[in-house]
Each structure stands twice: as structure tokens, then as C-alpha cells.
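First the structure, in the form of C-alpha cells, and then the observations on it.
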There are 2 protein chains.
Amino acid sequence: MTTDRKAAEREARQKLILQGALTVFKEKGLEGAKIDEIARVSGFGKATLYYYFSSKEEIFNALLLHGWLQLWRELEETIEGGDSPRRTFISMLKKIAEVVNADRPLYEFLFFVPRSYSSEEIEKAEWKQYQTRLYRVLLELIEAGIEKNQFPQMNPDLVLKALGGLFHGLVFWGKDNQIVSEDLIEEMLDNMLKSN
Amino acid sequence: MTTDRKAAEREARQKLILQGALTVFKEKGLEGAKIDEIARVSGFGKATLYYYFSSKEEIFNALLLHGWLQLWRELEETIEGGDSPRRTFISMLKKIAEVVNADRPLYEFLFFVPRSYSSEEIEKAEWKQYQTRLYRVLLELIEAGIEKNQFPQMNPDLVLKALGGLFHGLVFWGKDNQIVSEDLIEEMLDNMLKSN
DNA sequence: CTATTATTCGACCGTTCGTTCGAATAATCG
DNA sequence: CGATTATTCGAACGAACGGTCGAATAATAG
């Protein structure tokens, strides 16, 4: 069967397009990114893009879905690990940082951009559920951890906001290049959660 | 002289336009906001907007400048207060939260949107310097505070990223309506900085 | 080889949108 | 009052852009 190779080639070309799209999206945002430029950067003609994707928004969503699937794949084993809530929580953030640092352009895009474009279309996108699921898992860990006195005795939602924001700030803020190691994240979290 | 009244009226009309622009920008972002809609919402004809502002981007920048000036005006007395670095730092964040909560639409816009549109035009905008200045003041407080053992003994940049992110998460994340009180912010910070 | 299918692409289309024009109206002045 | 200036606005302009078309080329099949 040639069908396998054909499918693989098709997928490879899609990946090339997504790669080009990412660099343009990152630089210009969703609306600022022009199809013509994405085509130019990925090295295809404009019409060819539409041979592989049916619209600009589909490219956008495919990119995010790709990132979330990859992130989630890496997280699953950590979640199943059966550590204490606090250890699992910290391990998850470390793992996320690791994944992020392995492909910053993609994940900066993934964690920043969607906040700015909350059209109804996007609300229903497939990748959205993974975002929601991640939030829920982290929240449940905090709830369980509070019971065991491993987190500050406060409203779990607040604790998640605070620690999530802290993580976000550590990993994503600042002049590009300087990435924060997973160990530093662990140290910071342990430091700040110490007294409880 | 009627000149004063004229100028005041002109400014009042500009404020109306900015107010309308804010609601549209917030809902649609910079590119998604259409001049026609801003005109409709502010209750002026489209061409009238151009009688008061020379371009869409000028409206955008005027809006942000307005917000930063107001925020900075409120912050200045806190900075001059002469409290300890740690107290001043916490007071500043509390004050920022207060200002934000007093006009959430404006400040959610102000703190979120610019991250998505980093064109070179925006880099040079007048409001940018206030953002930079705020960052520097907070960093200096942390540096001074670390010396006095009032903050974790870590790289000041990292501490600012962590605490800034934490603050950002507390104040801006989550389902809209629920605002976080300044006292909660203080409690959270004091809690997490306790052990040092 | 020819026939059929898959892929590529620049030119083109229709729409949208920021901006400008020119005329109409209101305010101010002498 | 008339004359001059300030303000308002919808209509029209032109550029930009997402998406489509149809022809050309490459790959595969028989």
C-alpha cells in the first residue's frame, strides 16, 4: 500500500505549514498574521495552504491542539504517579516547565494568545477541553493538599490563582532568552509553601 | 475667554470616545475592534472620531496613557511614604489592586492587551515608559528588601517575576465578577513571605 | 506509453475596514 | 444681522486580506 506513505507525507507537509504559522502567529497574533505571510514563511503557495487546511482558524486551532496533546501526553504519567498532592502538584509544574522550555515558541503562544481571542468559535475548539482539564486536575490536587495541611489553609481557588500566577510569571515573563530551570521552580514553590 | 470652555468640551468629547473605544477594544481586541463600532458605541459619527483623533492606534494609545497616568498618580504617595521596602512593596500591590478594582474594564485591558500586540509602534508609545518605571520601582524595593532579609534570599528578578505573577493571577484570573480584596492580597503575600 | 489522480500555485474576487472628502449644520464673532 | 470658524456626518475611496479558480505539473496506475 502506498496509502501509508502518502498519509505520512501529507502529515509532514501539514507540520511544515504549522511550523511556519507558529512563527507568524507568535509575531503578529491571530488577526495580525496574514495567510500570505504564513505561506511565504512555510515555503508553499497560498492556495496550497488551503489544500491542507480549510481556513486560517483551522490552522490556528490545529496548532493549539498539537501543543496541548503533547503537553498532556507528558503530564499523564506524572499524574498517575501516586505521590502526595503537594509533590504531584509541584511535579506537574516542573514537567510543564520542562515541556515549555523544550519548545518555547509553541508554548508561549499556547499559554498567552488564547486569552486575547475569546470568540465563541474558540470557546468550542477541541483544544479547549485540555486546558479545562488541566485546571481541574490542579485544583483537585490543591483541595486534597489543603486537607492534608500541605498547602495554605485558604480558598483553593485563590491558592490556585496565586500559585498558577507565580508559575506563569516565573516561566513566561522577562526578556526572552533566560529560561527558568525546573529546580528553581521547585525551590521557589517549596520556599513559599514552607510555613504551612 | 471661551477658550477654556472649548478646550474642556473638546476633552470631554474625547473622553466619551475613549470610553466607547474601551468597551469595544475589551471585547474584540485591537484588530477586532472596528472604527464603525467604536463610533456607534460612543454615539458619534465615524468621521467625527477622526476630528478628535488622527488614527485608530492613537485612540488605543490615548486609552492606555490615560490609565497609566491615573495609576501612577495613585501610586506616587505610596512610594514616597518612606515605609520599609517590604511594607512599601505590599502597599503598592494593594494600591494597584484598589485602582484596578475601581475600573476593571480599563485595567484588565491595560495589563493584558499590550502583551499581544508588540508592534514596533507600540514599543515607542508614551505609556510604555510608565510600565517600565513601575517595573523598576518594584525591582528596587525587592533588592533593598532582600538586603534587609524581608524577602527570600534569591535573585531579585526571579522574586519579582514570582510575586508579580502571583499578584497578576490573584487579581486578573478567574471568572470575571469575583474581585479579590486588597486585604486578601496582603494576607496571601504575608503568608508566602512569612518564613523569611 | 496513456489515463487518472494528487498536488502546487499565482491571479483573481468579493468583502471589510481605516481613512478622507465635501457638504451640511451649529456656534461664535464683529 | 452676515461672515467666519468649529463641529458633525454619511458617502465614497483605496488598500488589504481571506478565500477560490482553473490551469499547470508531478505522481501513480494500468
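In what follows, chains are A, B, ... by sequence order, proteins preceding strands, each numbered from 1. Treat the numbers as computed from the prediction; the structure is a model and nothing was measured.
When Lys95(A), Arg86(A), Lys94(A) are each tested for a salt bridge (Lys or Arg N to Asp or Glu O under 4.0 Å) with Glu186(A), only one passes: Lys94(A).
Residue Ile38(A) contributes atom CD1, which lies 11 Å from atom C1' of dG18(D) at whole-angstrom precision. The CZ atom of Phe53(A) sits 16 Å away from the P atom of dG18(D) (whole-angstrom rounding). Between Lys28(B) atom NZ and dG18(C) atom P the separation is 11 Å, expressed in whole Å. In this structure, Ile35(B) places its CD1 atom 15 Å from C1' of dC9(D), rounding to the nearest Å. Per the geometry, CD belonging to Glu31(A) stands 15 Å off C1' belonging to dG18(C), to the nearest Å. Remark: P of dA16(D) and NZ of Lys56(A) are 15 Å apart, rounded to the nearest angstrom. Regarding Phe25(A), its CZ atom lies at a distance of 9 Å from the P atom of dG18(D), rounded to whole Å. Arg10(A) places its CZ atom 10 Å from the P atom of dA6(C), with the value rounded to the nearest Å.
One side chain, Glu76(B) or Trp72(B), offers a donor N or O that lies under 3.5 Å from an acceptor on the other. With no hydrogens or angles considered, no side-chain donor-acceptor pair links Tyr52(A) and Arg10(A) at under 3.5 Å.
Distance from the side chain of Phe44(B) is smallest for dT8(D) among the nucleotides dG18(C), dG18(D), dT8(D). In this structure, of dT8(D), dG18(C), dC17(D), it is dT8(D) that holds the atom nearest to the side chain of Tyr51(B). Minimum atom distance to the side chain of Ala47(B) is reached by dC21(C), of the listed dT7(C), dT7(D), dC21(C).
Within the model, atoms OG1 of Thr88(A) and CG of Leu75(A) stand 11.5 Å from one another, a figure rounded to the nearest 0.5 Å.
Regarding contacts with the backbone of dT19(C), a side-chain N or O of Tyr50(B) is found under 4.0 angstrom from either OP1 or OP2. Within the 4.0 Å cut-off from OP1 or OP2 of dC9(D), at least one side-chain nitrogen or oxygen of Thr48(B) is found. Between Lys46(A) and dC9(C) there is no side-chain polar atom (N or O) within less than 4.0 angstrom of OP1 or OP2. Regarding contacts with the backbone of dT8(C), a side-chain N or O of Arg13(A) is found under 4.0 angstrom from either OP1 or OP2.
Residue Ser54(B) is the one, among Glu9(B) and Ser54(B), whose nearest nucleotide of DNA chain C lies closer to the 5' end (criterion: closest heavy atom).
Residues Phe151(A) and Phe89(A) meet the side-chain proximity criterion, which asks for heavy atoms closer than 4.5 Å.
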